[in-house]
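Written below as structure tokens is the structure these notes are about.
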Amino acid sequence: MFLITKQQNNNFVLDLLKIKSHGLKHAICALVSVIASTPQGVNYLIEKGMTICEEVISILKDQEDGSVTQRFCIAIL
């Protein structure tokens with residue numbers, strides 16, 4: 001889905017997570033949280049390291065307490 005296996009890196013998903021638009025960041029976090037909800041999805045997301053988790057933590061810190069995007073970040077982690 002995020003080309004992690006095909007490209008052998010996390011760059012595509014990291015670029016998506018770094019988008020400045022709040023609405024797009026919200027949508028990407030929602031999608032990543034769905035993938036992270038299964039053991040196979042977790043393995044896929046951490047296949048090339050923990051950089052996605054590090055970026056999600058960064059996003060989490062920037063969110064207003066109780067926001068939906070913050071909840072998606074927590075669900076990912």
Side-chain angles (χ1 to χ4, degrees):
M1 171 128 209
F2 290 122
L3 307 174
I4 293 171
T5 304
K6 183 177 180 181
Q7 293 183 352
Q8 297 296 307
N9 62 51
N10 294 330
N11 293 344
F12 181 66
V13 67
L14 291 172
D15 289 345
L16 290 173
L17 289 169
K18 291 179 182 179
I19 291 174
K20 299 291 183 196
S21 167
H22 175 74
L24 287 175
K25 191 174 301 261
H26 174 88
I28 296 301
C29 287
L31 180 58
V32 173
S33 74
V34 170
I35 293 169
S37 69
T38 67
Q40 296 88 354
V42 171
N43 289 335
Y44 175 69
L45 291 171
I46 64 171
E47 183 175 324
K48 299 299 172 191
M50 299 297 288
T51 53
I52 293 173
C53 293
E54 293 166 2
E55 184 62 28
V56 169
I57 290 169
S58 176
I59 293 168
L60 175 65
K61 290 178 181 179
D62 290 338
Q63 298 304 305
E64 184 177 321
D65 285 345
S67 71
V68 176
T69 304
Q70 184 185 56
R71 292 177 197 179
F72 284 137
C73 290
I74 292 168
I76 293 166
L77 299 172

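What you see below is based on every heavy atom in this structure, not just the backbone, and it leaves out hydrogens, waters and symmetry mates.
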Examine Met50 and Leu16 and state if one hydrophobic cluster contains both, with Ile, Leu, Val, Met, Phe, Trp and Tyr joined whenever side-chain heavy atoms are less than 4.5 Å apart. no
Test side-chain contact (heavy atoms from CB on, under 4.5 Å), reference Ile76, set Val32, Leu60, Ile59, Val42, output is Val32
* Validation row: Val56, Cys29 side chains within 4.5 angstrom (heavy atoms) -> no
In this structure, CD of Gln70 is separated from SG of Cys73 (nearest 0.5 Å) by 7.5 Å
| query | Would you find more than 12 non-hydrogen atoms of other residues, nucleotides or ligands less than 6.0 Å from Gln8 atom CD? | reply | yes
ask   = Taking side chain as C-beta onward, heavy atoms only, is Leu14 less than 4.5 Å from Ile52?
value = yes
Cluster membership besides Phe72, Ile/Leu/Val/Met/Phe/Trp/Tyr side chains within less than 4.5 angstrom, sorted by chain and number, is Val68
So ring-ring contact (aromatic ring centres under 6.0 Å, His included) across residues 37-61, not counting sequence neighbours, yields none
- request: Give the cluster check for Ile19 versus Val34: same hydrophobic cluster or not, with ILVMFWY residues linked at side-chain heavy-atom distances below 4.5 Å.
  value: no
Heavy-atom nearest pair, Ile46 first then Cys53, reads CG2-SG, 4.2 Å
Residues 18-42 vs side chain to side chain donor-acceptor pair (under 3.5 Å), sequence neighbours excluded, gives His26-Thr69
Original post:
Same hydrophobic cluster for Phe12 and Leu24, using side-chain heavy-atom links shorter than 4.5 Å among ILVMFWY?
Top reply: yes
Shortest non-hydrogen pair, Thr51 vs Asn10, comes out as OG1-ND2, 3.0 Å
